[in-house]
Asker: 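Can you keep this structure in mind? I'll have questions shortly.
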There are 2 protein chains.
Amino acid sequence: MERDHAGASELRRSDLARRTGCNLETIRYYESVGLMPDPPRSASGHRRYGPAHVERLNFVMRGRELGFTMEEIRGLLSLVDRGSHTCAEVEELGRHHLEVVQAKIRHLQAIEAVLSETISRCTGGSAPDCPLLDVLTDRPAVS
Amino acid sequence: MERDHAGASELRRSDLARRTGCNLETIRYYESVGLMPDPPRSASGHRRYGPAHVERLNFVMRGRELGFTMEEIRGLLSLVDRGSHTCAEVEELGRHHLEVVQAKIRHLQAIEAVLSETISRCTGGSAPDCPLLDVLTDRPAVS
DNA sequence: GTAGGGTCTGTAGCAACTACAGGATCAAGG
DNA sequence: CCTTGATCCTGTAGTTGCTACAGACCCTAC
């Protein structure tokens, strides 16, 4: 006879981790900050997860993969949890995040332009003169 | 007569901050982690900065603007401080950093592609159906 | 019954700052 | 000379998104 077993889909924490690919400690972290609900516990205090937890963790993980902050995911989840969300509301969160992503890309591209241009002027030799150091020290390039 | 004044270019912390555009607290932080040297102090313990500090802080700040980590900047500084650096050494640090930046750009662009494609399919209406939520829940798009 | 895993909690660490609190000190005006 | 307000000092805690312990408990299989 099995004790402490409320159904075929009761997962331990390591099962949930394996199934979702999420780090074990990260699951606890998501619970501690309220992204994941506190799961029911066995008599001895061990967490027991059901299919709803798997779904929710997948949601959170996909959100993170798309670069949403935990705050944004919280917003998305609360829309969904409310049960009366609209596409327009979700889209707005998405569009805002998209703009942030695009701004980051532009920022990195600006850095990339300076870096690659500067490095392309490096001789790579054993002399101390270096265009990259010139940029960092703001010494104007020798014209 | 001026007391506590060892030259025309002795700066207080707020002067250094203003002159470089660096946050006041950040200067202390850089000192605490060794990116900036501990400056000499006045009799009462107030920091006094000279031109060398301005130069070094500018170096650090330009490095940060180019996205170098503090560890990388530490590396660059130790090359320069050693006094016998070569362009090849500096270039290698720069090239490595460039690759990191390019990888970040690619990562963000992949995110951007998914996000903008998904959001473009949003109707923005008051219905709960939403392509972005579909992606997050991994519900396959209705074909 | 015991060995080995897994689980529990709390805490500290990472990067790179930023922001206080609570006190000392300085510079200028009266 | 004294007050006032700005600036300085230190130490500590907060931020984001985890990750990694330590030390105790528990659970399962042999």
Side-chain angles (χ1 to χ4, degrees), chain A residues 1-5 10-36 38-49 53 57 59-75 77 97 100-101 104 107 111, chain B residues 1-6 10-36 38-49 53 57 60-75 77 97 100-101 104 107 111:
Chain A
M1 266 295 203
E2 288 151 321
R3 272 158 306 166
D4 195 3
H5 187 98
E10 293 289 297
L11 302 171
R12 288 170 300 164
R13 194 148 67 111
S14 59
D15 295 327
L16 181 60
R18 209 170 12 255
R19 191 165 293 201
T20 58
C22 186
N23 183 308
L24 227 113
E25 304 273 33
T26 305
I27 296 170
R28 187 160 70 103
Y29 171 66
Y30 286 157
E31 287 163 9
S32 77
V33 298
L35 272 192
M36 292 286 290
D38 280 343
R41 304 292 186 112
S42 74
S44 60
H46 288 202
R47 293 165 175 84
R48 296 296 163 192
Y49 298 98
H53 294 99
L57 183 51
F59 187 103
V60 172
M61 289 178 74
R62 290 211 191 80
R64 293 293 300 128
E65 278 162 22
L66 289 177
F68 284 98
T69 64
M70 293 193 354
E71 216 39 59
E72 288 169 325
I73 292 173
R74 211 188 295 280
L77 283 170
H97 176 54
V100 171
V101 169
K104 280 185 187 169
H107 181 218
I111 288 175
Chain B
M1 265 292 201
E2 290 150 321
R3 273 158 305 164
D4 195 2
H5 187 100
E10 292 289 297
L11 302 171
R12 288 170 302 161
R13 195 147 66 109
S14 59
D15 295 327
L16 181 59
R18 210 172 7 258
R19 190 164 294 204
T20 58
C22 186
N23 183 309
L24 225 112
E25 305 273 31
T26 304
I27 295 170
R28 188 161 69 104
Y29 171 66
Y30 286 156
E31 287 163 9
S32 77
V33 298
L35 273 192
M36 291 286 291
D38 280 343
R41 306 291 186 112
S42 74
S44 60
H46 288 201
R47 293 165 175 83
R48 296 295 164 194
Y49 298 99
H53 295 100
L57 184 49
V60 172
M61 290 179 73
R62 291 212 189 80
R64 293 292 302 128
E65 278 161 24
L66 289 178
F68 284 97
T69 64
M70 293 190 356
E71 216 38 59
E72 288 169 325
I73 292 172
R74 211 188 296 280
L77 283 170
H97 176 54
V100 171
V101 169
K104 280 185 187 169
H107 181 219
I111 288 174

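Values below: every heavy atom of this structure, side chains too, minus hydrogens, waters and symmetry copies.
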Asker: When you measure from the side chain of B/R28 to the backbone of B/S32, do you find a donor-acceptor pair of N or O atoms at a distance under 3.5 Å?
Answerer: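 No; judged by distance alone, with no hydrogens or angles, the pair does not exist.
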Asker: How close or far is atom C1' of D/dA20 from atom CD1 of A/I27, stated in whole angstroms?
Answerer: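 The answer, rounded to whole Å, is 15 Å.
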Asker: Whole angstroms only, please: what is the CG-P distance between B/D38 and D/dC8?
Answerer: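 After rounding, the reported distance stands at 17 Å.
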Asker: Spell out, as yes or no, whether a donor-acceptor pair under 3.5 Å connects the side chain of A/R13 to the backbone of A/L24.
Answerer: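 Checked: pair present.
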Asker: Is the closest basic N to carboxylate O distance between B/E71 and B/R74 below 4.0 Å?
Answerer: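 B/R74 and B/E71: salt-bridged.
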Asker: Calculate the interatomic distance between B/F68 atom CZ and C/dA16 atom P; express it in whole Å.
Answerer: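 Going from B/F68 (CZ) to C/dA16 (P), I get 13 Å.
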Asker: Let me know the distance between CG of A/L57 and P of D/dC18, rounded to the nearest Å.
Answerer: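 Distance check: A/L57 CG to D/dC18 P gives 11 Å.
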Asker: Roughly, in whole Å, what's the span from NZ in A/K104 to P in D/dT16?
Answerer: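 One finds 13 Å between P of D/dT16 and NZ of A/K104, rounded.
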Asker: Could you walk me through whether B/R12 and B/R48 pass side chain to side chain contact (heavy atoms under 4.5 Å, CB included), step by step?
Answerer: CA-CA 5 Å; B/R12 288 170 302 161; B/R48 296 295 164 194; 3.0 Å; yes
Asker: Can you name the one residue among A/R19, A/R62, A/M36 that meets side chain to side chain contact (heavy atoms under 4.5 Å, CB included) with A/L57?
Answerer: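 Among A/R19, A/R62, A/M36, the one that satisfies the side chain to side chain contact (heavy atoms under 4.5 Å, CB included) with A/L57 is A/M36.
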Asker: Nearest whole angstrom, please: distance from the P of D/dT19 to the OH of A/Y30.
Answerer: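 It is 8 Å, rounded to the nearest whole Å.
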Asker: Spell out protein contact along nucleotides 4-15 of chain C as letters: B when the base is contacted, S when just the sugar-phosphate is, - when no protein heavy atom is under 4.0 Å; keep the 5' to 3' order.
Answerer: --SSSBBB----
Asker: Donor-acceptor check, side chain of A/H53 to backbone of A/L16, threshold 3.5 angstrom: yes or no?
Answerer: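 Not confirmed, A/H53 side chain does not pair with A/L16 backbone.
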